[in-house]
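Everything below concerns the one structure shown next.
Residue indices begin at 1 and follow the sequence shown.
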Amino acid sequence: MFAVEEVSTGSGSDYSNSWISWFLSSKGNEYFCEVEEDYILDRFNLTGLNTEVQHYAQALDMITDNLDEEIQDDLRGNLDLQARLLYGLIHARWIVTARGLAKMLEKYKRADFGRCPRVLCQSQPLLPVGLTDVPYEKSVKLYCGRCEDIYSPKSSRHGSIDGAYFGTSFPHLLFLVYPNLIPPKSGPVEIGGAGRSGDVDSSRRSRRVREEQDAQAEGVGEGMSTASVALKADRYRPRIFGFQVNEIAKLQRWQEAVRDRQISRLEELEENA
């Protein structure tokens with residue numbers, strides 16, 4: 001069991017042997033950034049979280065390394081789970097602040113969240129996003145600003161992270177605050193360009209994507225038409241605090257009109273076949 005050690009309180013960089021540094025260094029938590037201590041200690045920032053986390057006060061003490069060492073071992077195990085939940089919910093609020101966005105921007109530039117598997121996106125770096133802000137409902141997904149679609153993480157460790165720990169607004173708010181980062185829809189990727197190893201990974205991804213597309217095409221031929229498959233496909237809609245992003249919403253309306261025309265053509269071809 002992880003032993004909580006006393007550390008001096010100060011800036012976020014002073015967490016040398018703290019619960020947060022242990023949490024961030026654990027395998028599978030690479031998507032998270034460090035939430036500054038001042039933000040956590042400001043109770044206004046944590047408004048409402050006491051109703052979502054059991055043993056809220058003790059979990060907060062564990063995160064800030066103020067937990068009483070006399071806490072029973074059986075309670076400590078449950079507290080660790082609640083501390084993870086609390087830190088994740090605080091993290092979702094932190095990364096949409098100015099300082100939180102700046103920290104996540106550094107990780108985005110290093111492509112810490114991976115790159116888009118779509119061939120035409122040319123290894124565009126991804127950003128984590130939640131499909132809901134309610135914990136224990138959906139796992140985290142990865143958003144590509146180039147094709148405006150979402151993907152599942154490669155690693156099962158990352159795939160098990162709760163999407164509520166990043167929220168539904170983060171990647172779209174990042175592009176709103178830093179409009180120069182909005183990737184072009186064509187041409188090479190400029191941010192954190194991939195090196196030689198990236199080209200190899202891209203080739204492998206391309207081959208895997210083609211194999212998956214071939215497998216899907218075989219499944220379509222067995223039981224359902226292409227038009228029906230297209231109609232059932234869900235479209236991801238970027239939102240900031242519940243509201244659709246204006247420019248993306250307009251683009252999506254045009255794309256959906258084109259999609260509807262293509263589906264109509266497919267239905268006509270299948271009827272005449």
| Should Ile40 and Leu60 count as side-chain neighbours, where that means a heavy-atom distance under 4.5 Å? | yes

| note | Heavy-atom nearest pair, Val96 first then Arg93, reads CG2-O, 3.1 Å

| query | Hey, what's the ring geometry for Trp19 with Phe23, parallel, tilted or perpendicular (30° and 60° as the breaks)? | reply | parallel

| Where does the angle between the aromatic ring planes of Tyr108 and Phe175 fall among parallel (under 30°), tilted (30 to 60°) and perpendicular (over 60°)? | perpendicular

| said: Let me confirm one number: the CD1-CZ distance from Ile95 to Phe32, rounded to the nearest 0.5 Å. | reply: 9.0 Å

| remark: Tyr31 meets the ring pair (Phe, Tyr, Trp, His ring centres under 6.0 Å) criterion, sequence neighbours left out, with Phe113, His158

| query | How about Cys116 and Cys147: do any of their side-chain heavy atoms sit closer than 4.5 Å? | reply | yes

| said: Is any side-chain heavy atom of Leu142 closer than 4.5 Å to one of Val129? | reply: no

| Should Val53 and Tyr136 be regarded as members of a common hydrophobic cluster, given that ILVMFWY residues are connected when their side-chain heavy atoms come within less than 4.5 Å of each other, either directly or indirectly? | yes

| message | When you compare the side chain of Glu36 with that of Trp94, does any pair of heavy atoms fall below 4.5 Å? | response | yes

| request: Please check if the side chain of Ser18 supplies one atom and the backbone of Ser21 the other of a donor-acceptor pair under 3.5 Å. | output: yes

| query | Taking all atoms of both residues into account, what is the closest heavy-atom pair of Leu85 and Pro135, and its distance? | reply | CD1-CB, 4.0 Å

| remark: Taken to the nearest 0.5 Å, the spacing of His91 NE2 from Phe170 CZ works out to 8.0 Å

| note | In terms of heavy-atom contacts, Met104 and Pro128 come closest through CE-CG, 4.1 Å

| task | Kindly indicate whether the side chain of Thr64, heavy atoms from C-beta on, has any atom under 4.5 Å from the side chain of Glu37. | result | no

| message | The criterion is side chain to side chain donor-acceptor pair (under 3.5 Å); which residues satisfy it with Asp162, sequence neighbours excluded? | response | none

| request: Verify, without hydrogens or angle tests, whether Asp149 (side chain) and Tyr143 (backbone) share a donor-acceptor contact under 3.5 angstrom. | output: no

| note | Scanning both residues in full, the closest heavy-atom pair of Arg146 with Leu120 reads NE-O, 3.8 Å

| message | Ignoring hydrogens, what is the shortest heavy-atom contact between Cys121 and Cys144? Give both atom names and the distance. | response | SG-SG, 3.8 Å

| field | Sidechain-backbone polar pair: Asn45 side chain, Tyr39 backbone, donor-acceptor under 3.5 Å | value | yes

| field | Arg157 and Glu30, any side-chain heavy atoms less than 4.5 Å apart | value | no

| message | Distance check, rounded to the nearest 0.5 Å: Asp65 atom CG versus Leu67 atom CG? | response | 9.0 Å

| request: Kindly indicate whether the side chain of Gln82, heavy atoms from C-beta on, has any atom under 4.5 Å from the side chain of Tyr56. | output: no

| task | Of all the heavy-atom pairs spanning Leu101 and Val177, show the shortest one and how long it is. | result | CD1-CG2, 3.8 Å

| field | Asn29 side chain reached by Leu24 side chain, heavy atoms, under 4.5 Å | value | no

